[in-house]
Amino acid sequence: MRSSIATMRSLLFPSLPFHHHRHQLLSPLFSNPKKPLFEFSIKSRPSRLTVRSHSSMPIKGSDRSAEARCLSGEIHVIVGPMFAGKTTALLRRIQCEVDKGRKVAMIKSDKDTRYLIDSVVTHDGVRMQCLALSELSTFQTKIGVEAYDKLDVIGVDEAQFFEDLYDFCCNAADRDGKTVIVAGLDGDYLRRRFGSVLDIVPLADSVTKLTARCELCGRPAHFTLRKTEQMETELIGGAEVYMPVCRQHYVNGQVVIEAARLVLESKKELLEVYSETVAP
Ligand SMILES: Nc1ncnc2c1ncn2[C@@H]1O[C@H](COP(=O)(O)OP(=O)(O)O)[C@@H](O)[C@H]1O
Ligand SMILES: Cc1cn([C@H]2C[C@H](O)[C@@H](COP(=O)(O)O)O2)c(=O)[nH]c1=O
Ligand SMILES: [Zn+2]
């Protein structure tokens, strides 16, 4: 038990620097340099807001007034097709937060087993250790209330796989004053809403939709085409299953895939008729 807590803490407050080198294992959270601490007090006339800076008094989540916490909370959403650079952008924004001396934690869905279970990994191989969770609601329990209170920023990757994304983001930003940076697919391979990612758009301070390069013509790719015949929404995979495409090649691709599916189905029916009549 003690060793697992120690492991968890090392995930949260390592002293390792944060490097942006290819295949470099990035530390998920950052040393805890003093960060400017602010206390908000709303004067009697609601239009006046006094901000006082206390460089020494540690303000924990529980000490700050509710107004102060929700004022300091932020939600930023990064969406787009696969290979659009969502995870890359997430890691870059985390770096910016580190440069500002803020404490960060990274979370991803434990459904993403493509590269490493305990790391967020871009398609270019840039990695960062993280907590792989099935539900975001377990995060605070896993890291402990004290460590959670000290956090300034929470990164979430593969957000499309978290069913409790909306409540988590709401609580983290509005109640606890965290900056939450979320990366995930807005649409699935059928261009339908994927999980709860679109639900947090009304909660967001910013929404960024990225594009990849169409694998067939090089134009900007806004959609993800599934190359295989599986039809379930959740299918973990990379370039062997998916490719980013432009609108024209998405539509063409869907026509081809649907035609291929029809051919396969009719072939299967022919084989069944054959096996029942010619060779019972
Ligand atoms: N068709 C493509 N268009 C754009 N980037 C691609 C493509 N295929 C592979 N890549 C690589 O994928 C990287 C983006 O990876 P990543 O940030 O993990 O994307 P996402 O999280 O959006 O799937 C790019 O920097 C690029 O090197
Ligand atoms: C389009 C689509 C994707 N997925 C899966 C495939 C990957 O494991 C992730 C997305 O990875 P990213 O490169 O970090 O964006 O989601 C899926 O399950 N269903 C889909 O329709
Ligand atoms: Zn194209």
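Just so you know, residue 1 is the first one in the sequence shown, and it goes up from there. Whatever order the structure lists them in is the order used to number ligands and atoms, beginning at 1. What's counted below: heavy atoms across the whole structure, side chains too, no hydrogens, waters or symmetry copies. Model, not experiment: these values are computed from the prediction.
The protein heavy atom nearest to atom 13 (O) of ligand 2 is His123 NE2, 2.7 Å. Looking from atom 18 (O) of ligand 2 to the surrounding protein, the closest heavy atom is Leu235 N, 2.7 Å. Residue, atom and distance of the protein heavy atom nearest to atom 11 (C) of ligand 1 are Asp124 OD1, 3.6 Å. The protein heavy-atom contact nearest to atom 14 (O) of ligand 2 is Glu158 OE2, 2.7 Å. Nearest protein heavy-atom contact of atom 15 (O) of ligand 2 is Lys86 NZ, 2.8 Å. Counting protein heavy atoms only, atom 21 (O) of ligand 2 is closest to Tyr189 N, 2.8 Å. When hydrogens are left out, the protein atom nearest atom 4 (C) of ligand 1 is Phe83 O, 3.1 Å; that is the closest non-hydrogen contact. Looking only at heavy atoms of the protein, atom 4 (N) of ligand 2 is closest to Tyr242 OH, 3.5 Å. When only non-hydrogen protein atoms are considered, atom 8 (O) of ligand 2 lies nearest to Gly237 N, 3.3 Å. For atom 19 (N) of ligand 2, the closest non-hydrogen atom of the protein is Thr233 O, 2.6 Å.
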List the steps, then state whether side chain to side chain donor-acceptor pair (under 3.5 Å) holds for His222 with Thr211. CA-CA 5 Å; His222 297 86; Thr211 57; 5.4 Å; no
Intermediate values then yes/no, side chain to side chain donor-acceptor pair (under 3.5 Å), Arg93 and Thr208: CA-CA 12 Å; Arg93 292 197 196 187; Thr208 305; 3.0 Å; yes
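Relative to the ring axis of Tyr148, Lys178 places its NZ or CZ within 45° and under 6.0 Å from the centre. A cation-pi arrangement is absent between Arg226 and Tyr242 under the rule of less than 6.0 angstrom and at most 45 degrees off the ring axis.
Between Thr224 and ligand 2, no N or O atom pair is found at a separation short of 3.5 Å. Remark: ligand 1 and Met82 share no N or O pair separated by less than 3.5 Å (distance only, no angle test). Polar contact with ligand 1: absent for Pro244 (N/O pair, distance under 3.5 Å). Taking any N or O of Thr122, backbone or side chain, none lies under 3.5 Å from an N or O belonging to ligand 1.
A distance-only check finds no donor-acceptor pair linking the side chain of Asp164 to the backbone of Asp167 [under 3.5 Å].
With respect to the salt-bridge test (charged N to carboxylate O, under 4.0 angstrom), the residues Lys111 and Glu234 qualify.
Nearest N, O or S atom of His249 to the Zn ion (ligand 3): atom ND1.
Assignment of Pro81 to the shell around ligand 1 is supported, since a heavy atom sits closer than 4.0 Å.
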